[in-house]
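To start, the structure itself, in structure tokens.
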Amino acid sequence: MTDDQIFEPEGRAIPYVEEGDGPVKLVLIPEPGEGRDALAVVAHYLAEEAGFHVLRVGYRAGSNGQLAVAEHAEDVVAVIDHLGFDHTWIGGHGFGGTVARAAVGAHQDRANGLLLLGVEDRDIPLAPVLPVLIVQGSADEVTPPAHGDLLQSTAPERASVKTLSGAGHLFPLTHLMETAVTIEEYLDWD
């Protein structure tokens with residue numbers, strides 16, 4: 001695993017971790033309170049075993065996910081710009097997925113697709129044209145599968161749902177290999 005870095009545009013301290021250098025680029029945003037390490041094993045697998053270039057972006061110092069979704073999305077885009085990521089998949093877990101939806105919606109020309117690990121019930125439409133992968137736990141009570149199924153029904157031609165049997169909300173931690181392999185197989189299909 002690599003060391004945490006801090007990017008400070010306009011005095012905002014935004015933590016991030018970058019690993020791998022493969023052709024498939026993926027930005028991951030955790031659920032607030034879980035810390036960047038919550039997605040570390042999934043990210044590490046994708047970087048080391050699948051050959052992805054993975055960027056995990058945390059929340060601005062002191063915010064813990066309490067800013068407006070659009071502000072968090074702009075923080076993510078600032079780190080993406082800082083590192084020169086271009087045409088990347090952007091995704092997240094729970095609220096991190098909501099931030100990813102906002103970032104992709106505001107900057108769809110810079111995204112290859114959207115990855116949602118559990119879907120919050122938020123009124124943020126999917127960006128047009130881009131593919132969407134929704135991974136959800138069948139026993140998730142925080143972001144129930146019905147949320148992902150409903151979102152998928154708004155763009156059935158380009159949104160796919162993969163449900164992990166018996167998995168709760170913390171499936172990126174409890175079902176990490178299933179989560180990582182599902183992401184790898186979908187994002188690296190070509």
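Note that this is a predicted model, so its numbers are computed, not measured.
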Original post:
Is the number of heavy atoms from other residues, nucleotides or ligands under 6.0 Å of E10 CD greater than 12?
Top reply: no
Original post:
Got a second to check how far Q108's CD is from L126's CG, nearest 0.5 Å?
Top reply: 11.0 Å
Original post:
Is there a donor-acceptor contact under 3.5 Å from the side chain of T143 to the main chain of E120?
Top reply: no
**OP:** Give the C-alpha distance, both sets of side-chain angles, the deciding distance and a yes or no for side chain to side chain contact (heavy atoms under 4.5 Å, CB included) between I183 and L26.
**Re:** CA-CA 10 Å; I183 295 168; L26 172 62; 4.1 Å; yes
Subject >> Heavy-atom closest contact (W89 atom, L133 atom, distance) >> reply: CZ3-N, 4.3 Å
**OP:** Provide the closest heavy-atom pair for V54 versus A47 in the form atom of the first, atom of the second, distance.
**Re:** CG2-N, 4.1 Å
Original post:
Do M177 and V41 belong to the same hydrophobic cluster, where Ile, Leu, Val, Met, Phe, Trp and Tyr are linked whenever their side-chain heavy atoms lie under 4.5 Å apart, directly or via other members?
Top reply: yes
Original post:
Is the closest side-chain heavy-atom distance between R60 and E71 below 4.5 Å?
Top reply: yes
**OP:** Could you tell me the separation between the CD1 atom of I80 and the NZ atom of K25, rounded to the nearest 0.5 Å?
**Re:** 10.5 Å
**OP:** Check whether any side-chain heavy atom of H107 lies under 4.5 Å from a side-chain heavy atom of E74, and answer yes or no.
**Re:** yes
Subject >> Any donor-acceptor pair under 3.5 Å from Y59 side chain to P30 backbone >> reply: yes
Subject >> Nearest-0.5 Å distance, NE2 of residue H87 to CG of residue D109 >> reply: 7.5 Å
Subject >> Main-chain N/O of H147 paired with D121 side-chain donor or acceptor, under 3.5 Å >> reply: no
**OP:** Quick one: closest heavy-atom pair of P172 and L39, and the distance?
**Re:** CB-CD2, 3.7 Å
Original post:
Hey, are the side chains of L117 and E31 touching, using non-hydrogen atoms and a 4.5 Å cut-off?
Top reply: no
Subject >> Inter-residue atom distance L55.CG - Y16.OH, 0.5 Å rounding >> reply: 8.0 Å
Original post:
Roughly how far apart are L187 CG and F52 CZ, rounded to 0.5 Å?
Top reply: 5.0 Å
Original post:
side chain to side chain contact (heavy atoms under 4.5 Å, CB included) between R12 and D75: does it pass, once the steps are laid out?
Top reply: CA-CA 8 Å; R12 304 180 323 237; D75 285 353; 2.9 Å; yes
Original post:
Do L176 and V42 have side chains that get closer than 4.5 Å, going by heavy atoms?
Top reply: yes
**OP:** Answer whether the closest heavy-atom distance between the side chains of I14 and V57 falls below 4.5 Å.
**Re:** yes
**OP:** Apply side chain to side chain contact (heavy atoms under 4.5 Å, CB included) to Q5 and E18, showing your working.
**Re:** CA-CA 8 Å; Q5 305 280 331; E18 180 181 19; over 6 Å; no
**OP:** Hey, could you give me the CD1/CZ distance between I90 and F85, rounded to the nearest 0.5 Å?
**Re:** 10.0 Å
Subject >> Check: Q152 side chain, A159 main-chain N or O, donor-acceptor pair, under 3.5 Å >> reply: yes
Subject >> Side-chain touch F95/I29, heavy atoms, less than 4.5 angstrom >> reply: no
Subject >> D149, CG: over 12 other non-hydrogen atoms inside 6.0 angstrom >> reply: yes
Original post:
T163 and Q136: side chain to side chain donor-acceptor pair (under 3.5 Å), yes or no, with the steps?
Top reply: CA-CA 5 Å; T163 303; Q136 57 192 13; 3.2 Å; yes
**OP:** Test E184 against E49 for side chain to side chain contact (heavy atoms under 4.5 Å, CB included), laying out the working first.
**Re:** CA-CA 9 Å; E184 175 188 15; E49 300 300 324; 6.0 Å; no
Original post:
What are the two closest non-hydrogen atoms of P128 and R158, and how far apart are they?
Top reply: CA-NH2, 3.7 Å
Original post:
What are the two closest non-hydrogen atoms of A43 and L28, and how far apart are they?
Top reply: CB-CD1, 4.1 Å
Original post:
For the residue pair P131 and Y186, what are the closest heavy atoms and their distance?
Top reply: CB-OH, 4.2 Å
Original post:
Does the H93 side chain pair with the main chain of G118, one donor and one acceptor, at a distance under 3.5 Å?
Top reply: no
**OP:** Decide yes or no on side chain to side chain donor-acceptor pair (under 3.5 Å) for E8 and H82, but give the supporting numbers first.
**Re:** CA-CA 10 Å; E8 299 186 61; H82 171 67; over 6 Å; no
